[in-house]
Novice: 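The structure is given below, and queries will be raised subsequently.
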Amino acid sequence: MNVAKVLDAKGLACPMPVVRAKKAMDELQSGEVLEVQTTDKGAKNDLPAWAKASGHTVLEMKEDNGVLMFWIQKG
Amino acid sequence: MTQPKKKTTIILFSGDYDKAMAAYIIANGAAAYDHDVTIFHTFWGLNALRKEASVPVQKGFLEKMFAKMMPRGADRMGLSRMNFAGIGPKLIKKVIKKHNAMPLPQLIEMAKEQGVKLVACQMTVDLLGLKPEELIDGVEFAGVAAYLADASEGNVNLFI
C-alpha cells in the first residue's frame, strides 16, 4: 500500500486522534492514503465513523501489541 | 464534497469543569467532522471564557461581588459532583494527566485553533457584571436571535 503520510497519535486520548487525523487528512490529495497509529481504544469506532462521515474510506485496520493501525484513503 | 458544511451548536450554561470539558470535547470532535461549530456561553458557562488574570475594570459593588464569587477562568472551575471544596478538581486534573487526556484550558485553545466560534451571551455578561476585556480574546458577543440563526440550521444542538 502506498502510504502518503503516517500519523503517530499513540498515547493521545479522545478527541485528539480524530482531531489530528482531520488535520493530517487536510494536507493530502484525494485518493492518497493516511496511516493512523493510536492507542486509544475508542478510536476503533471513532476513526471509521469519522472517515465515513467525512467521505473517506478505511482500507484496512489492524491491532498490534495494543497499537491500533488504520489506513484511510481520502475521498 | 461540495455540499454545505453541517453545523453543531452547543449552549454552555453550566460553569462546572466536567460539564464544560464534555462541551469542548464535543466541539472539537465536531470541528474534526468539518462542522461549523458554535459554543454559546451563558450564565455560569461564561466563566470558562474569563481570563485567569484579574483585569482592572470599573464596577459597582454587586458586580464586584459576583466577580469575586465566580471562578476566574476555565482552570478554576469546580466539579458538578465530588467537588470536595476544591480537592475534586485537583484529583480530576491528575487523572486527566495520567490518561493523557486534555485539560479544559487546552481544549478551549484547540477549539479556537480549529475555528470553533466562541460566543458570549451579552445579556448574561451584563447581568454578571463582566466586562469584555475580562474575557479571552476572540470571543463574539451576541443574543438569542444569533444563537437561533445558527441552531435552526444546526444538525447537532446541545444544551450543557
Side-chain angles (χ1 to χ4, degrees), chain A residues 4-59 61 63-75, chain B residues 1-10 12 17-39 48 74 91-118 154-158 160:
Chain A
K5 197 179 171 82
V6 177
L7 172 67
D8 180 1
K10 293 195 288 285
L12 299 175
C14 173
M16 290 317 294
V18 168
V19 170
R20 290 277 170 83
K22 148 99 165 86
K23 267 190 194 151
M25 208 50 124
D26 282 346
E27 290 164 17
L28 297 191
Q29 305 291 326
S30 178
E32 287 185 318
V33 174
L34 174 71
E35 177 180 326
V36 185
Q37 308 167 348
T38 174
T39 48
D40 172 27
K41 297 215 166 41
K44 207 181 260 183
N45 284 317
D46 262 20
L47 278 171
W50 165 79
K52 191 173 173 224
S54 311
H56 312 310
T57 318
V58 179
L59 301 175
M61 179 182 120
E63 196 168 351
D64 184 23
N65 220 353
V67 180
L68 287 162
M69 281 178 289
F70 295 84
W71 288 270
I72 306 170
Q73 186 174 39
K74 182 162 179 163
Chain B
M1 289 204 294
T2 44
Q3 67 259 63
K5 277 192 177 186
K6 291 191 172 175
K7 274 194 183 185
T8 291
T9 71
I10 298 170
L12 182 59
Y17 190 98
D18 44 353
K19 292 187 182 179
M21 208 173 143
Y24 271 90
I25 287 175
I26 296 165
N28 276 301
Y33 256 76
D34 220 14
H35 287 196
D36 278 326
V37 187
T38 304
I39 307 180
L91 296 178
I92 211 94
K93 281 168 205 171
K94 236 189 177 133
V95 289
I96 285 171
K97 215 172 180 180
K98 186 175 150 197
H99 290 274
N100 235 331
M102 276 211 149
L104 182 56
Q106 272 156 270
L107 282 168
I108 296 175
E109 257 326 292
M110 166 117 57
K112 279 170 72 177
E113 243 172 68
Q114 290 208 86
V116 171
K117 195 163 84 176
L118 303 183
N155 305 84
V156 179
N157 299 313
L158 301 172
I160 297 176

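Throughout, protein chains are lettered first and strands after them, A, B, ... in sequence-line order, and every chain is numbered starting at 1.
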Novice: In terms of heavy-atom proximity below 4.5 Å to chain A, should B/Glu113 be classed as side chain, backbone, both, or neither?
Specialist: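 Answer is side chain: those atoms of B/Glu113 sit under 4.5 Å from chain A.
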Novice: Looking at A/Gln29, I want to see if its CD is surrounded by more than 12 non-hydrogen atoms of other residues, nucleotides or ligands under 6.0 Å.
Specialist: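 Not buried by this count: 12 neighbours or fewer within 6.0 Å.
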Novice: For B/Lys6, I'd like to know if atom NZ has over 12 heavy atoms of other residues, nucleotides or ligands within 6.0 Å.
Specialist: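 Not buried by this count: 12 neighbours or fewer within 6.0 Å.
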Novice: Closest approach of A/Val19 and B/Asn28, non-hydrogen atoms and distance?
Specialist: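 Of all heavy-atom pairs spanning A/Val19 and B/Asn28, the closest is CG2-O, 3.8 Å.
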Novice: For atom NZ of B/Lys5, decide whether the heavy atoms of other residues, nucleotides or ligands shown that lie under 6.0 angstrom number more than 12.
Specialist: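 Result for NZ/B/Lys5: enclosed.
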Novice: Just checking A/Lys74: does its NZ atom have more than 12 heavy atoms from other residues, nucleotides or ligands closer to it than 6.0 angstrom?
Specialist: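 Count over threshold, so yes.
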Novice: Given a strict heavy-atom distance threshold of 4.5 Å, which part of A/Ala49 is in contact with chain B: side chain, backbone, both, or neither?
Specialist: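 A/Ala49 touches chain B through backbone and side-chain heavy atoms alike.
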Novice: Heavy-atom distance under 4.5 Å to chain A: side chain of B/Ile96, backbone, both or neither?
Specialist: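 Neither; nothing under 4.5 Å.
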Novice: Pair A/Ser54, B/Asp34 - check side chain to side chain contact (heavy atoms under 4.5 Å, CB included), show working.
Specialist: CA-CA 8 Å; A/Ser54 311; B/Asp34 220 14; 5.8 Å; no
Novice: Do you know the tightest heavy-atom contact between A/Ala13 and B/Ala101?
Specialist: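 For A/Ala13 versus B/Ala101, the nearest heavy atoms are CB-CA, 3.8 Å.
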Novice: I'd like to verify something: which residue of A/Ala21, A/Ser30, A/Pro15 has the highest number of heavy-atom pairs under 4.5 Å with chain B?
Specialist: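 Highest number of heavy-atom pairs under 4.5 Å: A/Pro15.
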